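The structure under discussion appears below in the form of structure tokens.
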Amino acid sequence: MSDVRLPYFDFLLSQLDKKNAAVETSFGRHVHWGYWADPASARYEDEDYGRAAEQLTLELCQMVGVKEGEKLLDVGCGFGGTIASLNERFDNLDMTGLNIDERQLERARSIVVPRASNRVEFVQGDACKLPFPDASFDRILAVECIFHFPSRDDFFREAFRVLKPGGVLALSDFVPSPLFLPALWIGRAKWLKKLNDFGDLNFEATFSVYERLARDAGLEFAVRRNITRNILPTYGYIEAMLKRGSDKGAGLIFKSILAMGRGLGKSGLLNYCLLSFRKP
Ligand SMILES: C[S@@+](CC[C@H](N)C(=O)[O-])C[C@H]1O[C@@H](n2cnc3c(N)ncnc32)[C@H](O)[C@@H]1O
């Protein structure tokens with residue numbers, strides 16, 4: 001079972017309670033990295049970051065290929081930002097958001113108001129034991145959350161089971177270069193995990209692991225997109241946010257994100273990728 005209450009969500013929820021405007025704008029809807037089509041255009045301001053976070057959702061939704069009249073599951077749905085975005089842009093969608101942390105779902109229920117022809121439901125549960133019947137969904141999204149799941153194998157098996165034939169799973173993940181794996185194995189040490197504000201993380205799924213996961217589950221690997229260069233300004237934004245002193249207590253958490261992410265992304269050791277899989 002994953003950490004139900006991830007430490008960085010404790011932090012975000014406390015800042016949202018305190019009405020921290022910067023956190024509300026940047027992470028109040030989506031809790032994921034931003035996407036800039038032109039990274040040189042990034043402005044390192046809260047509104048710009050909020051738009052970039054929305055753009056990452058749009059890129060992944062385009063990849064999963066949503067159509068009106070379909071049933072969609074958003075696994076690890078955070079504050080419901082992806083469902084909010086789909087609800088604003090599509091009619092006749094039946095959308096379910098699933099999350100392990102009931103506190104996040106409470107916020108999602110309060111911010112997503114389904115438009116007339118859409119149906120929205122938020123359900124508490126584990127991505128590795130999906131509480132849905134076989135062949136329930138046309139599309140499944142898992143935005144920047146699979147690295148927290150207790151097992152990618154279990155999630156892939158479950159995704160295959162609840163997808164209808166012809167259905168698509170799209171996700172984003174940090175995919176390592178095989179050269180980086182030994183460092184990740186060292187990072188499994190328990191004492192290192194104690195220093196980590198992000199709960200259980202597993203960044204060990206290379207492209208060949210994803211090929212194997214798809215094959216074992218019975219899914220076809222459809223598309224892989226390395227968008228590392230497009231997400232890199234995220235680190236600069238968080239740095240700028242810290243300098244502006246939005247919350248001094250956030251320093252350690254955000255500094256560890258920065259230290260881990262930017263150098264690894266620039267060197268190609270840990271890539272941010274969008275992946276999709278089809279059930280035959
Ligand atoms: C980085 S956040 C991404 C949230 C959301 N997808 C977004 O893009 O805004 C990771 C999410 O995964 C959820 N999560 C972690 N383990 C989970 C599990 N086993 N089952 C379901 N959700 C899980 C967390 O509670 C959190 O909402």
Side-chain angles (χ1 to χ4, degrees), residues 1-13 16 23-35 49-61 63-64 72-87 95-109 111-112 120-132 137 139-159 162 169-174 196-203 205 227 231 234 238 253-254 256-257 260-261 272-275:
M1 157 84 89
S2 313
D3 289 343
V4 174
R5 290 171 163 250
L6 293 163
Y8 65 96
F9 271 96
D10 293 346
F11 167 74
L12 289 175
L13 287 162
L16 292 166
V23 171
E24 181 72 55
T25 307
S26 48
F27 293 108
R29 169 166 156 126
H30 302 292
V31 185
H32 58 229
W33 275 190
Y35 176 99
Y49 188 79
R51 274 192 297 275
E54 178 69 18
Q55 190 57 40
L56 187 112
T57 293
L58 298 181
E59 298 292 325
L60 206 55
C61 287
M63 187 177 237
V64 86
L72 179 139
L73 172 64
D74 182 26
V75 174
C77 66
F79 297 142
T82 297
I83 288 185
S85 170
L86 288 164
N87 180 49
M95 294 172 279
T96 303
L98 177 121
N99 204 306
I100 197 129
D101 180 354
E102 183 57 41
R103 300 170 306 166
Q104 296 175 44
L105 294 173
E106 274 168 30
R107 180 172 168 87
R109 289 185 194 107
I111 62 181
V112 184
V120 173
E121 186 185 18
F122 289 102
V123 176
Q124 197 274 336
D126 185 340
C128 295
K129 289 184 200 137
L130 293 174
F132 309 110
F137 297 99
R139 317 275 155 187
I140 301 179
L141 284 160
V143 188
E144 215 172 296
C145 50
I146 194 167
F147 44 76
H148 285 310
F149 298 170
S151 156
R152 283 185 179 80
D153 285 88
D154 290 351
F155 171 62
F156 264 63
R157 260 193 298 275
E158 281 293 82
V162 304
L169 159 69
L171 59 91
S172 62
D173 195 9
F174 294 90
N196 167 17
D197 287 307
F198 300 101
D200 276 335
L201 292 175
N202 178 316
F203 293 146
I227 59 163
I231 61 93
T234 301
I238 296 170
I253 296 176
F254 286 137
S256 51
I257 297 178
M260 188 177 67
Y272 194 103
C273 298
L274 306 182
L275 310 172

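Atoms within each ligand, like the ligands themselves, are counted from 1 in listed order. Only a predicted model underlies this, so the values are computations on that prediction, with no experimental measurement involved.
- Looking at D154 and K129, no side-chain N of the basic residue comes within less than 4.0 Å of a carboxylate O on the acidic one, giving no salt bridge.
- Checking each of L60, I227, T57 against Y35 for a side-chain contact (heavy atoms from CB on, under 4.5 Å) leaves exactly one that passes, namely I227.
- L16 is not listed as a side-chain neighbour of F27, based on a closest heavy-atom distance of 4.5 Å or more.
- Proximity of F79 to ligand 1, defined as any heavy-atom pair under 4.0 Å, is not found for any part of the residue.
- Within the listing of ligand 1, atoms 18 (C), 19 (N), 20 (N) sit less than 4.0 angstrom from a heavy atom of D126.
- Residue G78 comes nearest to Q104 through the heavy atom pair CA-OE1, 3.2 Å, listed as atom of the first residue, atom of the second, then distance.
- Residue contacts with ligand 1: G125 is included, with a non-hydrogen atom under 4.0 Å away.
- For ligand 1 and G78, the ligand atoms under 4.0 Å from any heavy atom of the residue are 4 (C), 5 (C), 27 (O).
- Those atoms of ligand 1 that come under 4.0 Å of a heavy atom in V143, given as number and element, are 3 (C), 5 (C), 6 (N), 8 (O).
- When the heavy-atom distances from atom 9 (O) of ligand 1 to L12, V31, L60 are ranked, the shortest goes to V31.
- The shortest non-hydrogen separation linking L105 to C77 is CD2-SG, 3.7 Å.
- Side-chain atoms of R109 come within 3.5 Å of backbone atoms of F122 as a donor-acceptor pair (strictly under, hydrogens ignored).
- Between atom 11 (C) of ligand 1 and the options A53, G97, G76, the minimum heavy-atom separation is to G76.
- Using a distance-only test at 3.5 Å, with no hydrogens or angles considered, a donor-acceptor pair links the side chain of S172 to the main chain of E144.
- C77 counts as a contact of ligand 1, since one of its heavy atoms falls under 4.0 Å from the ligand.
- Remark: F147 pairs with F174, F203 by the ring pair (Phe, Tyr, Trp, His ring centres under 6.0 Å) rule, at least two apart or across chains.
- Close contacts between ligand 1 and H30 involve ligand atoms 9 (O) [criterion: under 4.0 Å to a heavy atom].
- Each of the following atoms of ligand 1 lies closer than 4.0 Å to a heavy atom of H32: 7 (C), 8 (O), 9 (O).
- Using a 4.0 Å cutoff on heavy atoms, F155 does not count as a contact of ligand 1.
- Remark: ligand 1 atoms within the under-4.0 Å shell around heavy atoms of H148 are 10 (C), 15 (C), 16 (N).
- Short contacts between ligand 1 and F9, defined as distances under 4.0 Å to a heavy atom of the residue, involve ligand atoms 2 (S), 26 (C), 27 (O).
- Within the 4.0 Å heavy-atom criterion, the part of Y8 lying near ligand 1 is the side chain and not the backbone.
- Looking at E158, its side chain does come within 3.5 Å of a backbone N or O of L130 through a donor-acceptor pair.
- Counting the atoms of ligand 1 from 1 in the order shown, those under 4.0 Å from a heavy atom of E144 are 1 (C), 2 (S), 3 (C), 10 (C).
- For T82, no heavy-atom contact with ligand 1 is shorter than 4.0 Å.
- Every residue two or more places apart in sequence or in another chain was checked for a side chain to side chain donor-acceptor pair (under 3.5 Å) with D74, and none qualifies.
- A salt bridge links E24 to R107: one of the charged nitrogens lies within less than 4.0 Å of a carboxylate oxygen.
- Which of D101, L105, L6 comes nearest to atom 24 (C) of ligand 1 through a heavy atom is settled by distance: it is L6.
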